[in-house]
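What follows is a short report on a single structure.
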There are 2 protein chains.
Amino acid sequence: MVFMRFRPRIFSPSLFGPSKPRTPTLAASPPAAAAARRRIVSMASSTTTSEDALRRALAERQAAVDAQAETVRALKAAGAAAAKAEVDAAVEALKALKVEAGAAARRLQAAVGAGGGGAAREEMRQAVVNTLERKLFYIPSFKIYRGVAGLYDYGPPGCAVKANVLAFWRQHFVLEENMLEVDCPCVTPEIVLKASGHVEKFTDLMVKDEKTGTCYRADHLLKDHCKEKLEKDLTLSPEKAAELKHVLAVLDDLSADELGTKIKEYGIVAPDTKNPLSDPYPFNLMFQTSIGPTGLNVGYMRPETAQGIFVNFKDLYYYNGQKLPFAAAQIGQAFRNEISPRQGLLRVREFTLAEIEHFVDPEDKSHPKFVDVADLEFLMFPRELQLSGESAKLVKLGEAVSKGTVNNETLGYFIGRVYLFLTRLGIDKNRLRFRQHLPNEMAHYAADCWDAEIECSYGWIECVGIADRSAYDLRAHSDKSGVPLVAHEKFSKPREVEKLVIVPSKKDLGLAFKGNQKMVVEALEAMSEKEAMDMKAALESKGETNFQVCTLGKDVVITKKMVSISMEKKLEHQRVFTPSVIEPSFGIGRIIYCLFEHSFYTRTSKSEEEQLNVFRFPPIVAPIKCTVFPLVKNQEFDDAAKVIDKALTTAGISHIIDTTAISIGRRYARTDEIGVPFAVTVDSATSVTIRERDSKEQIRVGIDEVASVVKQLTDGQSTWADVSFKYPSHIGPQGDQE
Amino acid sequence: MVFMRFRPRIFSPSLFGPSKPRTPTLAASPPAAAAARRRIVSMASSTTTSEDALRRALAERQAAVDAQAETVRALKAAGAAAAKAEVDAAVEALKALKVEAGAAARRLQAAVGAGGGGAAREEMRQAVVNTLERKLFYIPSFKIYRGVAGLYDYGPPGCAVKANVLAFWRQHFVLEENMLEVDCPCVTPEIVLKASGHVEKFTDLMVKDEKTGTCYRADHLLKDHCKEKLEKDLTLSPEKAAELKHVLAVLDDLSADELGTKIKEYGIVAPDTKNPLSDPYPFNLMFQTSIGPTGLNVGYMRPETAQGIFVNFKDLYYYNGQKLPFAAAQIGQAFRNEISPRQGLLRVREFTLAEIEHFVDPEDKSHPKFVDVADLEFLMFPRELQLSGESAKLVKLGEAVSKGTVNNETLGYFIGRVYLFLTRLGIDKNRLRFRQHLPNEMAHYAADCWDAEIECSYGWIECVGIADRSAYDLRAHSDKSGVPLVAHEKFSKPREVEKLVIVPSKKDLGLAFKGNQKMVVEALEAMSEKEAMDMKAALESKGETNFQVCTLGKDVVITKKMVSISMEKKLEHQRVFTPSVIEPSFGIGRIIYCLFEHSFYTRTSKSEEEQLNVFRFPPIVAPIKCTVFPLVKNQEFDDAAKVIDKALTTAGISHIIDTTAISIGRRYARTDEIGVPFAVTVDSATSVTIRERDSKEQIRVGIDEVASVVKQLTDGQSTWADVSFKYPSHIGPQGDQE
């Protein structure tokens, strides 16, 4: 009899959760095998071999320097006995060796250090983040009160981008797939999150500064220590470097004890005060509160939106005419009380999730529309490639499913739809990969999991998780609530089935086991068909048998009269089953941040004096679709601008009128910096120019046509090429001046 | 020196807050005047006079019955001495009097009871709510765990309605008015809500069952007691009835002590157990939590979205080019931990707010677009009408502003825009009124407040508050944060102004007042111009003067050398001031609920056997814009349905295909019940019929035109009359069968 090892759902799409389950996986799996697997993992994403060679080379050069320095010292100590020429030559040789050692150190530094590609990344990120903050895409929340770590506001353009991304998500998923959208509260009673496992397991390991009480994430401190050593300590032996890398690779799987041991071993102290640290202990990441006035009903701010869908399964199933498959979706706020938020906008304490739960018959995971996405080809990073140290490869989705790399068509269909969603938003397809979870990353009940990872200046970031979670979640809520969350398949004609029937004799079991009776009964009833048949045979031949009751932690003796086991034939009119759920889960804030990085570029101003910032947002994402500039201040142009303003408003196109008295070039630059795709310049009372942001090309269009042209362009009915073909191009005196 | 009496912002647009400030207003204003004012208020909304007459009539009849009964008893007691005829006559007279008394009791019951219009309202509400719950517009949250009071989910159609209402709100306000939208976290640090006054004052008074600990809202218990007495106790004297009504009228203003006294006086006990109750005490309605792992940083789930805007004022003002006026807007969740939520969907613990903060120069509250709304005429309920016991009247908005009924043009403009927003959503203009706050309802700093109230089965419900809050909120955050939240007006040429200059001599004050020096200095610096000039005159004539320092709670003696006071002429280049804010604040859930009631009607089925439910949602609100029905199951019709499906999806029109094998009439009825405005029936391979929900008229349209016709209708570009004129009408065999 196997007892299910508990791994809560949170940890399967780990992307938005910082945490891995705190099960001692190191101890649970054979240590050597685990170490081997992890070494491979760590190799997959680094250049261990060449780095090893560089470390060795540096060590050799350093040894040579030391030896030569000894020689020089000996010669000098000999005083006049040594010929001056000999000393000079030895010093020259020492210098040369030092130069060589220096070069080796720099090569190693470049290979491992944050000073290599890291600096460029950091610089690029600073440029993006500066623009984002200056233009109020983001604002650190409650700034006038010095803010709160991990909380950010979206300012006007950020808010518009977010609304556009969510509107497109609704169109692309909810509308096109006829999903059932729900909207549940954030405040959630404890029982729901006990059933889901969050109350018990949604934790990170924390250590405290023993004197000041300041809290740190234990794994962060260990990670920082290892990284810093690896990047800055050039005297590190290759063996020690390998050890630190191994620690980094298994970091997510370390138990509290293992983490604590490492922290002690490496002498890690509180970063700010150098005080000693407490032992690591779990800290639950949910914001706790109390519902109602008594203080007795514990509640939490939901850590994800999925549970609201699961608890509504029964109603939604009936709403859908008791038919499978169907999908429900929810967009909403989720909350995680991070111990010490880092990575700026990627790891925050409150964020918007968009989640889909697609309920499907576990015996039929085909998808009628899979054919629509089967020909898509994009970067996939299946388990095998990760384990063999290779990189992600271009794979056709249809092949990935037919070869079994992706578990089933429905999962494959969602991977394809997620790919289309992200690339249509403007995510660079060369910096997007679908990475399959390794076996140790997945919950035991999960059939298969893939993360859409987007590369940005922080590395590859998990932005969407797509998991086949089998029947786990619905079962958990069925068990806790006592309400069966199941589906029915009516047979066209009744089917004869053989069913295992186990009838414990409570009287005899009660006499034998007294207070333990209930646990023995449950264990008997939970036997698989094979276990039961084996027991039946044993009881019939020997009259009694040993039986392991895990909940008692021991074997008991079962006699023949204690239980009756038989296979009975029954006519069944329907099949009752718990549906499987396939869950695509989107971290909207992370997607938007990566989109900002992928959309950002700079170009030199016309005067070549400045670098100008541009966001190349596609029109559906752009916070403002067009700007209207009267070329110079006069009544005629202002009136024309008003006419255009009204037409744009009626057409529902977000726009701004910029009448500031600065050069048109400056106004274009200002508009490019918030990613406005089209700029309308009013330079006559009857016609205007429309400029496209990235090509800087302009066309001339009649005033009464402006709104419809911009609408076509922003709705995606026409491309810039289409309208360029239709309308005369413009290269006039008010042309591009940036 | 006047100290500002604190009245936090929450209480001015009281609509979404259950609470009134806990300031003892009864004691603060002259009792007689207050009582008089309140009596008038209570008269305005009841029929006190006729009810009084009925109570008196009943009491007289009852007295007559009692007297006659006494007569009968006396006659009977006399035994044979009384003639049988005399006794019979007396008994007959008693019967007649009893009949009269019974009739009087019924008349009174009808006038006061919930049994009158109340029953019809209740029935209507039940019909709406049943349909809403059955069709999953709403679902009690966490239903499988027996739910949580005051928390509701929006199911699929409810969610779509909500998304449509919010999209229209964005179009109508944010886009058309070029507002700056922001999106701030729900988790809010304590300091922000201390500044706003919520930590101290956002409370309701609570009593506890002294044995079980069950909590009740004190005012609810008192209200229930008074209402029940008034409705059911027909023996109530007119004087007692007047007293109870007075209590109801002043209920919101009662202090904890006053409430406690009344509860004791009336012998009110816990409703469920009849146990005695504790004294009332304030319970803060915010959900409290803790930010970060230390447990030391208190946070709350925001009770409104406005504060997120105020704390960002400075950045938003710069973003707007340092120009006033401008408006910022926010849509988001807000949280209130109600003591015992009632009124179903109207009073909930988590809800969506949409708030606008329009920042304006306090010296110029004109609005350039006021002319666009000046001619609107709708029900207004200004203060005077309420105080004189009249009802709301149709008023032209332009007149209300020009006569000064509405304080200023900007406030008037928003009232007009709110009217347009609500009526375009489908709120019945005859059940919508704008009610002005009475002086005792407003915060002392507010210039004027109007609530958009919508009548539904619960009475007139406050759904939008539109308040001119002056500079209160920005000042509160300036004071708390130390960051000036101000605007600047640059003068075209410098202006000469006379300014009061008060220079305390800290040395002399320090010698005189030691530890109290700071408070004296602050009090001196805070003097008004008149106070300072009076002091200057006194010091010059007498050399010293008494000066009241409120923070010390006593007078001190100020001598001439302690302070220098003068008026100095200065050249000023700009004016620095705190903007006023005009705040329209929308309770989205309440608006949606009222919309459901206003949109709901029933009609008899064709067979006259059933009442069919219909929601007459306008297309912009309808959760699904159209349904597609293949008339009978065949390949040809299914293929046509698929073509239409694809075209509708591409056009972004939410729709469902219903291929169930039930009669077309049933399918129409099902679609009417969730308010789908248009039903497309596929009855040929080339053309289809489109049916309009309310008129049940049908037109015939080619398959390739369906999507564009439905799009025009749902976008508001065409009306049903337009398309009926253009396309042939259809009265065919598949016509209406409901």
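Below, chains carry the letters A, B, ... as their sequence lines are ordered, and counting in each starts from 1. Worth knowing before you read on, the calculation uses all heavy atoms, side chains too, and leaves out hydrogens, waters and symmetry mates. On a predicted model such as this, the values are computed, not experimentally measured, just so you know.
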- Toward chain A, the part of B:Glu176 with a non-hydrogen atom under 4.5 Å: both
- Query: Between A:Gly155, A:Cys215, A:Gly292, which has the largest tally of heavy atom pairs under 4.5 Å with chain B?
  - Reply: A:Gly292
- Message: I need the B:Glu350 CD to A:Cys186 SG distance, nearest 0.5 Å.
- Response: 4.5 Å
- Task: Sort out for me which of B:Ile653, B:Val148, B:Asp183, B:Val182 touches chain A most, counting heavy-atom pairs under 4.5 Å.
- Result: B:Asp183
- Item | Test item: A:Gln333 side-chain N/O and B:Gly332 main-chain N/O as donor-acceptor pair under 3.5 Å | no
- Query: Nearest 0.5 Å, what's the CG-CG distance between A:Asn337 and B:Asn297?
  - Reply: 9.5 Å
- Task: Test B:Gln307 against A:Phe142 for side chain to side chain contact (heavy atoms under 4.5 Å, CB included), laying out the working first.
- Result: CA-CA 9 Å; B:Gln307 302 306 323; A:Phe142 316 113; over 6 Å; no
- Item | Region of B:Ala163 that comes under 4.5 Å of a non-hydrogen atom in chain A | side chain
- Message: Just checking B:Lys369: does its NZ atom have more than 12 heavy atoms from other residues, nucleotides or ligands closer to it than 6.0 angstrom?
- Response: yes
- Message: What I'd like to find out is whether the side chain of A:Ser141 reaches to under 4.5 Å of the side chain of B:Val311, using heavy atoms alone.
- Response: no
- Task: Below 4.5 Å from any heavy atom of chain B, which atoms of A:Asn312 appear? Answer side chain, backbone, both or neither.
- Result: side chain
- Task: Measure from the side-chain N and O atoms of A:Thr289 to the backbone N and O of B:Gln288, and report whether any donor-acceptor pair falls under 3.5 Å.
- Result: yes
- Message: What's the separation between atom CD in A:Gln330 and atom SG in B:Cys159, rounded to the nearest 0.5 Å?
- Response: 7.5 Å
- Note on the structure: With chain A, the option among B:Pro156, B:Gly482, B:Gly150 that has the most non-hydrogen atom pairs under 4.5 Å is B:Pro156
- Query: CD1/B:Ile656 to CG/A:Asn178 distance, rounded to the nearest 0.5 angstrom?
  - Reply: 7.5 Å
- Item | Segment of B:Met301 engaging chain A (4.5 angstrom heavy-atom cut-off) | side chain
- Query: B:Arg134 versus chain A, heavy atoms under 4.5 Å apart: side chain, backbone, both or neither?
  - Reply: neither
- Top contributor to chain A contacts, counting heavy-atom pairs under 4.5 Å, from B:Met179, B:Met206, B:Lys480, B:Lys314: B:Lys480
- Proximity breakdown for A:Gln171 and chain B, heavy-atom pairs closer than 4.5 Å: side chain
- Query: Does any heavy atom of chain A fall under 4.5 Å from the side chain of B:Phe287, the backbone, both, or neither of them?
  - Reply: both
- Message: Run the side chain to side chain contact (heavy atoms under 4.5 Å, CB included) test on B:His477 and A:Tyr145 for me, step by step, so that the C-alpha distance in whole Å, both residues' side-chain angles and the decisive distance to 0.1 Å come before the verdict.
- Response: CA-CA 9 Å; B:His477 285 294; A:Tyr145 293 104; 2.8 Å; yes
- Note on the structure: Of the listed B:Asn284, B:Val187, B:Thr650, B:Leu151, the one with the largest count of heavy-atom pairs under 4.5 Å with chain A is B:Val187
- Message: Taking side chain as everything from C-beta outward and backbone as N, CA, C, O, which of these in B:Lys135 sits under 4.5 Å from a heavy atom of chain A? Side chain, backbone, both or neither.
- Response: backbone
- Item | Spacing of B:Arg170 atom CZ and A:Ser654 atom OG [to the nearest 0.5 Å] | 11.0 Å
- Item | Proximal component of B:Tyr152, with respect to chain A [non-hydrogen, under 4.5 Å] | backbone
- Is chain A contacted by the side chain of B:Thr188, its backbone, both, or neither, given a heavy-atom distance below 4.5 Å? both
- Message: Give me the atom names and distance for the closest heavy-atom approach of A:Pro185 to B:Asp153.
- Response: CD-OD1, 3.0 Å
- Checking heavy atoms, do the side chain of B:Leu180, its backbone, both or neither come under 4.5 Å from chain A? both
- Message: Working to the nearest 0.5 angstrom, can you tell me the gap between A:Ile191 CD1 and B:Ile144 CD1?
- Response: 9.0 Å
- Item | Residue part contacting chain A, namely of B:Asp645, when any heavy atom lies under 4.5 Å | neither
- Item | Worked check of side chain to side chain contact (heavy atoms under 4.5 Å, CB included) between B:Ile291 and A:Arg349 | CA-CA 9 Å; B:Ile291 306 175; A:Arg349 284 177 165 151; 3.7 Å; yes
- Checking heavy atoms, do the side chain of B:Pro157, its backbone, both or neither come under 4.5 Å from chain A? both
- Using a cut-off of under 4.5 Å for heavy-atom pairs, which of B:Ile139, B:Asp315, B:Val483 has the most such pairs with chain A? B:Asp315
